[in-house]
Amino acid sequence: MIKRSFFSLAAPKLTYPILTTPSTKPVDIPLPERAQLILDHPLNGPLGIGVGDMVKTGQRCGDREDNYFISPVTGTVAAISATVGYMGKNLTAVSFKVDGKDRPDEEFRNSESSSELERVTRFLGYLPGQPDFSFLTGIRDNLKTVFVSGMDKDLLVSTNSLIAKTEFAELKKGMAIVRKIFEKKRIIYLLPEGVRPEGEIEGVEIKQMPAVYPQFFPKIVMKKILAIEVPTGIRCDEMGAGFLSAEAVSNLGKAFSSGSIPLDKVITVIKKDGSTAFARVRLGTPARHIMDVLGIKIAKGDRLISGGPLAGITLSSVDAPVCGDTDALMIQDAAAAPPISAAHCVNCGECVRVCPAHVPVNMLIRLLENKLYDEAARSFDMLSCIECGLCGYVCPAAIPIFHYVMLGKFEYERARSLEVQNA
Ligand code: SF4
Ligand code: SF4
């Protein structure tokens with residue numbers, strides 16, 4: 001495996017949008033007639049709920065501590081089925097026929113006598129903003145720092161910037177909960193240079209980073225703020241740092257203030273002309289419903305992308321639901337969408353120059369095109385990729401390098417876990 005010094009940011013200097021005056025209030029999208037939750041595990045056993053069962057909004061469904069979901073709506077379970085996600089990952093889809101009116105479930109409210117940690121672990125793992133609370137359990141004792149990021153993962157996406165700008169009170173409350181859960185840990189609120197929160201937040205340090213893509217990616221933050229280089233193939237939490245989005249922390253604050261589980265997701269909608277709007281939608285709402293309400297037409301051949309222009313993922317259906325981590329939906333006009341490229345690498349080196357992790361992308365892509373994932377990891381540093389998408393963005397041959405790398409990492413990890421199982 002190649003060992004390299006970490007990160008330098010090469011051209012092009014792509015800057016994140018900074019919200020200075022968020023005059024655009026999110027459009028409230030009415031409840032859809034049908035909603036769907038995608039659970040991040042295969043359908044390989046009972047879910048503790050069945051087709052035809054009635055559910056209430058915020059109801060905890062599931063009969064195991066570590067395997068549950070929160071119903072986003074009031075209605076009836078219409079279907080439970082196996083489905084396939086990005087990279088062929090096996091997932092579970094739960095569909096609901098939605099009643100017109102929410103009837104809130106009270107179990108979370110009635111759990112007030114439990115500790116913050118117990119309530120978060122039992123009820124709040126699926127908040128909008130997709131909090132990764134896995135570090136609450138497994139490695140909690142080794143955790144030294146929790147970052148709360150007020151910036152977004154891709155260009156043109158401003159969901160977390162909007163939350164940071166408009167939900168200070170909720171964020172402050174959420175950070176107080178984070179401090180209680182992670183007693184004696186360092187809590188750092190990340191904001192772009194030039195942006196300050198409305199006031200002080202007790203026990204929380206404010207750190208600013210240049211608003212240049214991809215400076216807010218966790219491994220770069222670790223290097224810049226903590227002077228810790230995260231080795232290839234190692235996660236940030238294994239090195240003592242957890243990351244939460246501003247939206248997740250704000251929703252944590254709302255949950256503890258209101259006694260009900262927040263289920264509305266703020267998304268940035270990136271239109272065909274590159275202009276953006278915000279929408280507030282219930283988790284599980286199909287993308288088609290949002291576009292219909294906003295009056296955005298999706299024509300044959302247009303692409304619907306979850307995320308932004310650099311690292312977004314094309315959705316296979318306009319009925320794909322909004323999930324906890326859907327920060328943006330982008331519509332790409334059929335005429336503007338680059339065709340699926342059959343071109344070969346011309347070895348121009350642009351991808352190598354732009355890669356912040358110094359991956360020799362021009363060599364890596366040759367192995368990935370030939371499905372040589374193990375060698376790609378061992379010889380060409382595939383696992384150092386931080387998944388920023390810059391390589392694909394600059395490639396003159398329009399090779400979907402980012403998706404090749406994502407597939408390569410997925411297949412490599414799958415092969416490793418099969419080896420462990422069969423050992
Ligand atoms: S996505 Fe491409 S440019 Fe970004 S870190 Fe990975 S290989 Fe490098
Ligand atoms: S940018 Fe594209 S064409 Fe240029 S070296 Fe990289 S993969 Fe090859």
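We use all heavy atoms of the structure for the numbers below, so side chains are in, but hydrogens, waters and symmetry mates are not. Throughout, residue positions are numbered sequentially from 1 according to the sequence presented. The structure displayed is predicted, hence computed values, not measured ones. Start at 1 and go down the list; that is how both ligands and their atoms are numbered.
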Review point. Where does the angle between the aromatic ring planes of Phe243 and Phe147 fall among parallel (under 30°), tilted (30 to 60°) and perpendicular (over 60°)?
Key: parallel
Electrostatic pair Arg353-Glu350, nearest N-O below 4.0 angstrom
yes
Tyr126-Tyr68 aromatic ring centre distance below 6.0 Å
yes
What lies under 2.8 Å from atom 2 (Fe) of ligand 2, restricted to protein N/O/S atoms, is Cys395 SG
- Task: May I ask you to say whether Lys265 pairs ionically with Asp327, meaning some side-chain N is under 4.0 Å from a carboxylate O?
- Result: yes
Atom 8 (Fe) of ligand 1 has as its nearest protein heavy atom Cys355 SG, 2.3 Å
Ranked by distance from atom 6 (Fe) of ligand 1, the top protein heavy atom is Cys385 SG, 2.3 Å
For Gly389, the atoms of ligand 1 under 4.0 Å from one of its heavy atoms are 1 (S), 4 (Fe)
Nearest heavy-atom contact between Leu91 and Ile38 is CD1-CG2, 3.7 Å
protein heavy-atom neighbour closest to atom 4 (Fe) of ligand 1 works out as Cys388 SG, 2.3 Å
Ion pair present between Arg186 and Glu205, side-chain N to carboxylate O less than 4.0 angstrom? yes
Is Asp374 salt-bridged to Arg416, going by a charged N under 4.0 Å from an acidic O?
yes
Nearest non-hydrogen protein atom to atom 5 (S) of ligand 2, with distance, is Gly349 N, 3.2 Å
Next on the checklist: For Ile386, state whether at least one heavy atom is located under 4.0 Å from any atom of ligand 1.
Outcome noted: yes
(message) Salt bridge check, Lys180 against Glu116: does any charged N sit closer than 4.0 Å to a carboxylate O?
(response) yes
- Main-chain N/O of Leu310 paired to Asp154 side chain as donor or acceptor, under 3.5 Å: yes
